[in-house]
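Single-structure report; data block below.
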Number of protein chains: 2
Amino acid sequence: MTAAAQPAAPPETRSTTVTTTSPRPTTLAGDRRRFAGPVDPRTSTLTPLDATQVRLTGGFWVEKQQLNSDVVLRHCEDWMERIGWIRNFDLAAAGRDQPDEEWPHSGIEFVDSEVYKLLEGMAWELGRQHDPDLQRRYDDLVERVSGAQDDDGYLHTSFGRPWQRARWSDLEWGHELYSMGHLLQAVVAAERTGTGPRLVEVGRRLAEHLWREFGPEGRVAICGHPEIEVALAELGRALDEPRWVELARLFVDRRGRGLLAEIEYGAEYFQDDRPVREADVLRGHAVRALYLAAGALDVAVETRDDELADAVRRQWEATVAHRTYVTGGMGSHHQDEAFGADHELPPDRAYSETCAGIASTMLSWRLLLADGDARYADLIERTLLNVVLASPREDGHAFFYTNTLHQRTEGTVPDELEVNARALSSLRAPWFEVSCCPTNVARTLASVEQYFATRTDDGVQLHQYGSYDVDVELPDGTPVALSVASGYPFDGRVEVTWREATDREVELTLRVPSWTEGAAVTLVAPDGEVSRHATSTVVVRQAFAVGDVVVLDLPTRASWVHPDPRIDAVRGQVAVQRGPLVLALESVDLPSGSVADVLVDTRVAPVTTPTGARVALTRSWTRPAPWPYGQPVAATVEQLGRVDLVPYASWGNRGPSTMRVWLPVGEGRG
Amino acid sequence: MTAAAQPAAPPETRSTTVTTTSPRPTTLAGDRRRFAGPVDPRTSTLTPLDATQVRLTGGFWVEKQQLNSDVVLRHCEDWMERIGWIRNFDLAAAGRDQPDEEWPHSGIEFVDSEVYKLLEGMAWELGRQHDPDLQRRYDDLVERVSGAQDDDGYLHTSFGRPWQRARWSDLEWGHELYSMGHLLQAVVAAERTGTGPRLVEVGRRLAEHLWREFGPEGRVAICGHPEIEVALAELGRALDEPRWVELARLFVDRRGRGLLAEIEYGAEYFQDDRPVREADVLRGHAVRALYLAAGALDVAVETRDDELADAVRRQWEATVAHRTYVTGGMGSHHQDEAFGADHELPPDRAYSETCAGIASTMLSWRLLLADGDARYADLIERTLLNVVLASPREDGHAFFYTNTLHQRTEGTVPDELEVNARALSSLRAPWFEVSCCPTNVARTLASVEQYFATRTDDGVQLHQYGSYDVDVELPDGTPVALSVASGYPFDGRVEVTWREATDREVELTLRVPSWTEGAAVTLVAPDGEVSRHATSTVVVRQAFAVGDVVVLDLPTRASWVHPDPRIDAVRGQVAVQRGPLVLALESVDLPSGSVADVLVDTRVAPVTTPTGARVALTRSWTRPAPWPYGQPVAATVEQLGRVDLVPYASWGNRGPSTMRVWLPVGEGRG
């Protein structure tokens with residue numbers, strides 16, 4: 001190795017916590033196929049790795065996963081125990097023996113799904129590490145859920161009992177299949193981590209029930225909230241049962257034909273306006289649209305339905321180009337939690353639901369596996385770092401449901417002990433009446449390493465950066481064992497060190513994020529060759545020796561981001577991005593205490609700081625006017641000097657504040 | 001008279017239809033006090049005129065009132081008959097004799113209020129003109145409504161029967177007092193026009209009932225939707241019964257103390273977050289906030305409560321300065337139909353409900369009577385011409401519920417035969433599930449002339465312009481008889497011709513609209529003196545002779561309107577106003593067929609056209625980008641030439657279209 005290829009000094013990481021859990025064995029009772037992550041297509045361009053093959057080892061992402069492990073999972077469990085959402089299953093189980101006795105159901109009709117998402121998160125967590133206490137709690141919860149299953153396989157605590165609404169009587173709003181979909185995703189996790197055989201049996205019985213009810217011989221119907229599609233497709237893969245994939249296909253192909261009754265928000269709210277394969281863009285309720293697209297892609301991949309896959313690709317492209325916030329957030333409407341029209345992206349009414357960010361990541365991941373195109377990994381990076389991670393508070397005990405890009409008022413302080421409405425506040429709340437986001441964050445963080453790397457027959461692909469190990473055998477037995485070390489997302493230097501020699505040439509593929517556009521990426525290969533790239537991936541192909549190091553150096557200096565001029569709501573404004581992080585201006589960092597009247601001077605380049613950036617701001621005063629429209633008013637400008645911007649995902653952790661991502665351009669306008 | 005004072009040629013009006021109805025007698029059974037309009041304070045700076053004292057005579061406003069008279073009232077009646085909302089009263093009446101028989105109630109729980117607003121509109125219509133057919137239909141409807149009143153005075157078709165929810169069991173959402181408030185406003189119209197003595201008796205009994213239920217000895221409670229306050233205060237004035245004013249005061253003073261249960265949107269949704277006299281700005285649901293403020297002002301005036309009046313003034317000022325669209329529209333949120341934060345005024349999500357425009361006009365009118373300040377009349381003008389009149393379709397058979405300032409998509413075509421949801425469309429719909437707007441338009445247009453002029457002891461004040469007659473005796477017996485002629489709102493020339501000599505000096509006060517700011521107003525007084533003004537009012541004080549003419553010449557040439565820079569959503573954009581009319585660009589006037597990519601060249605002054613303006617537009621092309629944020633992209637600019645803008649209120653009458661009020665500034669940016 002030449003001097004240039006000397007292993008560099010370890011990159012700086014923020015409090016490099018190395019986890020001390022005992023790893024799981026690498027195979028499950030000798031059955032290699034069953035140990036897998038949340039998505040495991042039978043055929044794909046890229047093959048996902050499981051939790052034994054990719055493991056976070058330190059730095060930023062371990063901190064986030066540890067917070068989930070230590071706090072968030074337990075927080076969700078405690079809340080649902082306290083407010084009766086878990087008890088609903090106990091009552092349902094007991095109620096079967098006293099069929100005429102009415103019992104008080106806690107929460108709205110789809111709270112079962114939150115328990116299921118918790119179960120899924122627990123299972124992924126158990127798939128990564130032995131934790132006897134967690135396993136005991138998980139087993140107990142599985143037992144309680146299982147007890148509520150009816151003899152015919154149906155399982156829902158809000159429907160079907162004499163004092164409740166009849167089964168399938170409210171397909172538009174009842175969320176029965178939606179809730180069951182989340183149960184089946186928990187079943188997939190139980191199956192693939194080997195943690196919950198009892199739950200797998202529940203899932204089999206439920207799937208058989210759904211096959212009878214909605215299969216080829218059953219009723220031609222769909223659920224108002226897609227989710228069952230993506231769940232059934234994966235269950236079919238996990239249990240190697242084509243009928244569940246076929247049922248998913250039926251649900252996908254039935255949608256868009258007006259099977260659901262008319263509602264106030266129109267059929268597009270639940271994507272019943274156009275068949276999936278004919279639609280050109282995601283529309284309506286964002287989470288619904290994204291779960292449906294993810295399920296449709298799964299069906300397309302499993303059934304080799306190129307037309308359907310192309311439709312999903314087309315919708316993803318149009319949505320990313322015209323209906324997505326700079327954070328990766330999706331959904332412009334509060335009223336119907338829906339996508340807006342193209343370029344209707346008001347930052348101060350951004351809904352950008354946390355669950356939509358998660359669903360978007362689910363969709364992009366499936367497309368990445370299918371196509372291998374780095375643009376999907378780009379959006380995953382943007383969305384994980386700037387939407388999903390914006391949800392949990394630093395202490396893991398409160399969450400944003402929506403992720404606005406412009407908070408104009410401090411809002412009210414959410415109650416830490418009561419279930420909150422989705423009231424607008426600059427502070428996160430511990431729990432919600434509709435509390436889909438905390439449990440969704442929990443299951444996502446518990447398995448987040450799955451988004452980091454994949455393999456092909458010829459090598460591995462690194463999609464997300466941080467500190468982690470990859471240990472996988474290629475199909476021909478070639479071992480790939482490497483350690484990735486990076487202070488990402490704050491530091492763009494990524495070191496990949498080979499821990500085992502490959503006995504043949506293999507490919508190491510590294511994503512070059514699209515935010516480096518215009519900046520060069522420096523790659524130092526093990527043979528010492530230094531090259532500079534600006535493409536979306538770089539590939540190092542060679543036989544690697546132990547200790548070989550590949551260094552990817554991504555410049556993460558802060559830079560201005562200009563919006564498409566058709567996004568009227570941010571015209572004349574710029575955002576600042578620092579590496580993969582979108583930054584925000586928070587009022588607590590301003591001497592004036594208000595983000596309402598600031599202007600940014602784009603003639604002065606932003607100064608990159610350890611975690612954010614510093615920009616030159618002015619404050620613009622105009623005389624108070626009784627009517628805000630008329631002649632242009634001369635403004636008095638006051639210098640505010642250099643002010644710190646913080647990563648968007650970390651805003652709102654220092655008490656009530658106002659905040660904005662898009663900064664109006666004053667002097668030196670953009 | 002000198003040459004300068006020669007009566008000018010009649011101003012151009014668009015199809016000057018002179019109504020041919022027979023006017024009502026000027027007094028009502030010898031009881032002068034009882035003949036009045038919707039608002040008649042016992043003391044005020046300005047005294048309102050009644051329908052015998054101010055009468056539209058031609059031009060623009062007669063067309064609008066005639067459309068209401070010929071089409072809208074009947075449209076509302078026919079729809080409510082067809083879909084059972086009127087039949088609810090028949091069933092309620094019949095049901096009293098068969099107390100155990102359940103009957104199907106049509107519509108949501110506050111549809112009674114639509115029937116009441118129709119009754120109110122019919123009464124004002126009958127107050128202006130004899131119309132035996134209308135009187136017969138009105139009497140019949142009064143009879144059917146009256147039959148549903150319970151023995152104790154309670155009247156509501158959705159509550160209180162054995163198969164319905166109990167009376168007052170859902171004060172947050174039940175709208176009982178709200179509906180009754182609209183009934184009492186219909187009672188005021190019946191009383192003041194002498195058209196419905198039977199309805200007045202219903203009102204008296206209902207008011208007595210409410211006094212028992214909610215008065216000083218009754219329950220301390222309020223309604224989730226304010227309206228009863230403004231209704232009771234006026235009923236007290238109309239029937240000369242201080243108890244009804246006192247009950248209104250109780251309802252006003254009880255609000256803001258958390259008497260209503262918590263709801264998802266927070267207590268500010270129904271203004272239960274802060275006492276009225278402590279609040280600084282209107283907030284929450286816009287119609288609720290505005291009705292409440294109107295009622296509070298009435299109470300303040302009647303009880304000489306200056307603190308309360310000041311609170312309402314303060315709220316009006318802050319709301320107009322920071323929370324109002326350029327059209328006068330109020331309400332930025334679709335989700336809760338609510339005001340946004342200060343400067344949160346996205347045009348593409350403007351809710352700007354028609355009813356909020358009407359409620360705003362009601363509030364401003366009360367403030368104008370109380371204070372005499374022309375700024376209130378300014379907002380009334382803006383709101384009537386650019387919000388209220390935007391609602392009805394040109395044929396009077398369909399309505400906008402919301403009044404967006406930027407329609408990005410053509411949307412769906414509303415069903416002309418079915419009740420519509422409030423789906424977003426560029427086309428008006430004939431009827432809605434919540435159909436508050438059509439009947440509110442109907443009652444407003446039926447009495448719209450009431451907003452045009454007032455008197456004091458010393459003269460008359462002309463607030464709104466058009467063609468109309470004023471005939472009033474001042475308290476000392478001095479007659480004021482004048483004819484106003486104008487092609488307003490298209491032509492700013494206003495001629496006031498005296499038809500009777502005043503035997504003493506009187507004051508003629510003319511409002512100078514705030515949109516003339518920067519432009520001079522030419523006034524030609526009868527003595528030939530020509531003066532130029534830029535204040536908010538001009539006053540001509542003299543003894544007038546028959547044939548004296550005062551000419552006010554307001555320049556209505558089109559001009560750019562620039563927004564307060566804190567309204568981020570329209571940064572870098574301008575609107576065009578032509579006289580009092582806000583203009584809009586509609587896609588049907590564009591060769592490209594899309595308003596998405598246009599830029600306006602503000603270096604080229606807008607050319608005023610007979611009803612709108614013509615502006616120089618370009619179309620800006622950029623290459624399609626997979627991700628809409630990054631480096632600024634060079635655009636290809638294509639000249640579109642001069643393109644016509646139309647009055648905002650008339651958009652959407654030429655088939656599906658897209659539309660925008662705010663135009664992005666391209667070359668020669670503003």
Side-chain angles (χ1 to χ4, degrees), chain A residues 262-266 317 320-322 324 326 332-335 340-344 346-349 375 378 406 408-409 412 421-423 433 514-515 517-518 561-573 575 596-597 620 622 624-633 635 662 664 670, chain B residues 262-266 317 320-322 324 326 332-335 340-344 346-349 375 378 406 408-409 412 421-423 433 514-515 517-518 561-573 575 596-597 620 622 624-633 635 662 664 670:
Chain A
E262 277 187 45
I263 60 163
E264 179 182 356
Y265 306 136
E317 281 166 16
V320 172
H322 306 300
T324 302
V326 68
S332 307
H333 294 182
H334 278 247
Q335 186 184 31
D342 285 355
H343 311 121
E344 182 188 315
D348 52 4
R349 289 295 281 171
R375 62 188 176 158
D378 273 350
H406 184 180
R408 290 184 182 270
T409 61
T412 50
R422 267 169 287 164
E433 286 168 22
S514 62
W515 48 260
E517 193 186 5
V561 176
H562 299 262
D564 184 313
R566 290 169 297 182
I567 306 175
D568 294 294
V570 292
R571 187 180 301 279
Q573 303 177 54
D597 47 13
S620 170
T622 54
W627 176 244
Y629 309 99
Q631 299 300 312
V633 179
W662 291 101
Chain B
E262 276 186 44
I263 60 164
E264 180 183 356
Y265 305 137
E317 280 166 15
V320 171
H322 306 300
T324 302
V326 67
S332 307
H333 294 182
H334 278 246
Q335 185 183 31
D342 285 355
H343 311 121
E344 182 187 315
D348 50 5
R349 289 294 281 172
R375 62 188 176 159
D378 273 351
H406 185 181
R408 291 183 181 271
T409 61
T412 50
R422 266 169 286 163
E433 285 167 23
S514 62
W515 48 260
E517 194 185 5
V561 177
H562 298 262
D564 184 314
R566 290 169 297 182
I567 307 175
D568 294 294
V570 291
R571 187 179 301 279
Q573 303 177 54
D597 48 12
S620 170
T622 53
W627 176 246
Y629 308 100
Q631 299 300 313
V633 180
W662 291 101

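Residue numbers begin at 1 in each chain, while the letters A, B, ... track the order of the sequences.
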- Task: Look at A:Val326, A:Asp348, A:Asp564 and state which one has the largest set of heavy-atom pairs under 4.5 Å with chain B.
- Result: A:Val326
- Item | Residue, of A:Glu433, A:His333, A:Glu262, that accumulates the most heavy atom pairs under 4.5 Å with chain B | A:His333
- Task: Indicate the atoms forming the closest heavy-atom contact of A:Thr324 with B:Trp627, along with that distance.
- Result: CG2-CZ3, 3.8 Å
- Item | CZ-CG distance between B:Arg408 and A:Asp342, expressed to the nearest 0.5 angstrom | 8.5 Å
- Query: Are A:His334 and B:Arg349 close enough that some pair of their side-chain heavy atoms sits under 4.5 Å apart?
  - Reply: no
- Message: side chain to side chain contact (heavy atoms under 4.5 Å, CB included), that's the test. Do A:Arg571 and B:Gln573 meet it? Break it down for me.
- Response: CA-CA 9 Å; A:Arg571 187 180 301 279; B:Gln573 303 177 54; 3.6 Å; yes
- Residues that A:His322 engages under ring-ring contact (aromatic ring centres under 6.0 Å, His included), provided they are two or more places apart: A:His343
- Note on the structure: Looking only at heavy atoms, the pair that brings B:Val561 and A:Tyr629 closest together is CG1-CB, 3.5 Å
- Item | Contact leader toward chain A among B:Pro346, B:Ser620, B:Pro626, where contacts are heavy-atom pairs under 4.5 Å | B:Pro626
